[in-house]
Amino acid sequence: MFGLSPSSLTTALALLAAATTTVSAQGDLSSTNNITSIEGTWSSNQHVQTGGAFCNPANYSFTYPATTGISYSFTDTGFFEEAQYRFTSNASNPSCITAYILWQHGTYQLNNNGSMTLYPFPSDGRIQVQDPCAAVTNLITEYNQVTLYADWGIIMDSTRGNYKLELNRFDGAKMPPMWLMANPPNMLPTQYLTGVNASGQAARKRDLDGLTKRSGAQAVSLDLPVLLAASLGTLLVGAVGLVL
Ligand SMILES: *[C@@H]1O[C@H](CO)[C@@H](O)[C@H](O)[C@H]1NC(C)=O
Ligand SMILES: *[C@@H]1O[C@H](CO)[C@@H](O)[C@H](O)[C@H]1NC(C)=O
Ligand SMILES: *[C@@H]1O[C@H](CO)[C@@H](O)[C@H](O)[C@H]1NC(C)=O
Ligand SMILES: *[C@@H]1O[C@H](CO)[C@@H](O)[C@H](O)[C@H]1NC(C)=O
Ligand SMILES: *[C@@H]1O[C@H](CO)[C@@H](O)[C@H](O)[C@H]1NC(C)=O
């Protein structure tokens with residue numbers, strides 16, 4: 001399960017018993033204290049995962065997961081992919097709950113001070129935001145957010161018998177924890193899929209064909225959760241807090 005052999009799991013659990021601390025981030029993964037590589041697909045829940053049909057950047061479409069959640073994939077060769085579907089509440093106006101779904105991919109770097117930086121391919125990222133209190137909403141637009149995570153760590157979660165990845169944002173806020181879902185990771189091709197790349201070459205049609213073939217599921221509208229959120233107000237804010 002999850003691509004872990006029983007023996008590697010046993011070894012990891014034994015290591016955990018010997019030293020039960022969060023593995024602190026290191027500037028390079030060659031450090032001896034990483035219990036496993038960051039390579040793989042990590043998700044807060046099984047419904048949200050990178051790769052496959054979550055986003056099709058070529059025609060600006062998303063396939064909405066059954067629940068909110070976040071997912072990141074990493075390769076040991078320096079590529080990442082990010083998928084998020086979340087609600088955020090507005091403290092000053094509880095009925096203004098914003099729903100957003102976003103996707104981007106590109107390269108990442110583990111910095112010497114223990115932080116991690118994501119450098120997206122600028123033309124490929126996509127976001128859709130539904131804000132009941134904004135004048136214009138529900139458009140799918142390009143998204144290109146260089147992201148700094150101040151800290152990251154992987155622990156063995158003995159309750160689930162699986163690795164858990166934790167990311168802390170630059171402002172100290174914690175991202176929802178994620179568990180290892182697949183290794184090797186499920187990712188769209190780790191190169192520019194739309195637009196032109198740094199050397200000015202257009203994405204190859206072959207890659208886009210592969211991408212569109214995988215998008216079979218129907219997208220659903222964001223309207224329902226947002227309408228629900230607006231009418232339930234603070235009650236849902238509490239529930240959403242738990243889901244996230
Ligand atoms: C630590 O990370 C490196 C690089 O990803 C990996 O090759 C190595 O196997 C990891 N160490 C352990 C004990 O898993
Ligand atoms: C929160 O709601 C207030 C009042 O409607 C609005 O002015 C503000 O821009 C909202 N903040 C965010 C982050 O959406
Ligand atoms: C850690 O290193 C990154 C990359 O060099 C940098 O952007 C960030 O500001 C540094 N953080 C701190 C707290 O120095
Ligand atoms: C740009 O895209 C072309 C065609 O896909 C590829 O051969 C080339 O390596 C890419 N260059 C960079 C810098 O990504
Ligand atoms: C995007 O392309 C996929 C695959 O061809 C298709 O299933 C989907 O309906 C398209 N979405 C939009 C909004 O055109």
Side-chain angles (χ1 to χ4, degrees), residues 22-31 33-34 38 47-66 72 74 77-85 99-130 136-154 165-175 186-189 191-195 202-226:
T22 298
V23 176
S24 60
Q26 298 294 319
D28 74 288
L29 285 174
S30 61
S31 151
N33 73 346
N34 56 312
I38 196 172
H47 297 293
V48 181
Q49 290 197 39
T50 60
F54 184 87
C55 178
N56 183 337
N59 67 2
Y60 286 71
S61 66
F62 284 103
T63 302
Y64 288 91
Y72 286 75
F74 300 94
T77 52
F79 294 100
F80 84 95
E81 184 174 329
E82 172 183 12
Q84 294 197 34
Y85 176 36
Y100 64 89
I101 187 165
L102 68 86
W103 180 90
Q104 59 181 1
H105 71 164
T107 59
Y108 74 97
Q109 188 175 311
L110 301 176
N111 305 312
N112 286 327
N113 62 9
S115 64
M116 178 196 302
T117 314
L118 309 181
Y119 300 99
F121 298 144
S123 54
D124 283 354
R126 301 289 181 263
I127 188 170
Q128 182 171 27
V129 178
Q130 179 125 12
V136 177
T137 189
N138 213 20
L139 298 172
I140 299 185
T141 55
E142 288 189 9
Y143 181 72
N144 171 25
Q145 184 64 59
V146 174
T147 309
L148 174 68
Y149 289 109
D151 188 24
W152 63 276
I154 296 171
L165 172 65
E166 295 174 300
L167 295 175
N168 294 333
R169 289 195 331 203
F170 70 95
D171 61 1
K174 289 184 179 306
M175 297 295 283
N186 296 317
M187 301 172 79
L188 295 185
Q191 60 184 64
Y192 280 70
L193 296 170
T194 68
R204 288 173 299 184
K205 179 155 190 319
R206 180 162 69 78
D207 298 319
L208 295 178
D209 287 346
L211 183 62
T212 51
K213 270 193 212 99
R214 283 189 250 179
S215 302
Q218 293 294 311
V220 298
S221 165
L222 266 179
D223 291 344
L224 183 61
V226 170

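Whatever order the structure lists ligands and atoms in, that order sets their numbers, starting from 1.
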Ligand 3 to Asn113 polar contact by distance, N or O atoms, under 3.5 Å: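 Right, the criterion is met.
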Can you list the atoms of ligand 5 that are under 4.0 Å from a heavy atom of Ser61? 1 (C), 11 (N), 13 (C)
Atoms of ligand 5, numbered as shown, that sit under 4.0 Å from any heavy atom of Asn56: 1 (C), 2 (O), 3 (C)
Residues that Thr107 engages under side chain to side chain contact (heavy atoms under 4.5 Å, CB included), provided they are two or more places apart: Phe79, Tyr119, Phe121
Test side chain to side chain donor-acceptor pair (under 3.5 Å) applied to Ser123 - qualifying residues, sequence neighbours left out: none
Between Tyr72 and Tyr149, do the side chains contain a donor N or O and an acceptor N or O under 3.5 Å apart? yes
Would you kindly say whether Gln109 and Asn111 are connected by a side-chain donor-acceptor distance under 3.5 Å? yes
Less than 3.5 Å between some nitrogen or oxygen of Tyr60 and one of ligand 5, yes or no?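 No; every N/O pair is 3.5 Å or more apart.
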Donor-acceptor pair, distance only, cut-off 3.5 Å: does the side chain of Thr50 make one with the backbone of Glu81?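 Pair absent, no side-chain N/O of Thr50 close to backbone of Glu81.
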Element-labelled atoms of ligand 3 that are located less than 4.0 Å from some non-hydrogen atom of Ser115: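 Every atom of ligand 3 under 4.0 Å from some heavy atom of Ser115: 1 (C), 2 (O), 3 (C).
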Identity and distance of the protein heavy atom lying nearest atom 9 (O) of ligand 3: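 In this structure, atom 9 (O) of ligand 3 has Leu148 CD2, 4.3 Å as its nearest protein heavy atom.
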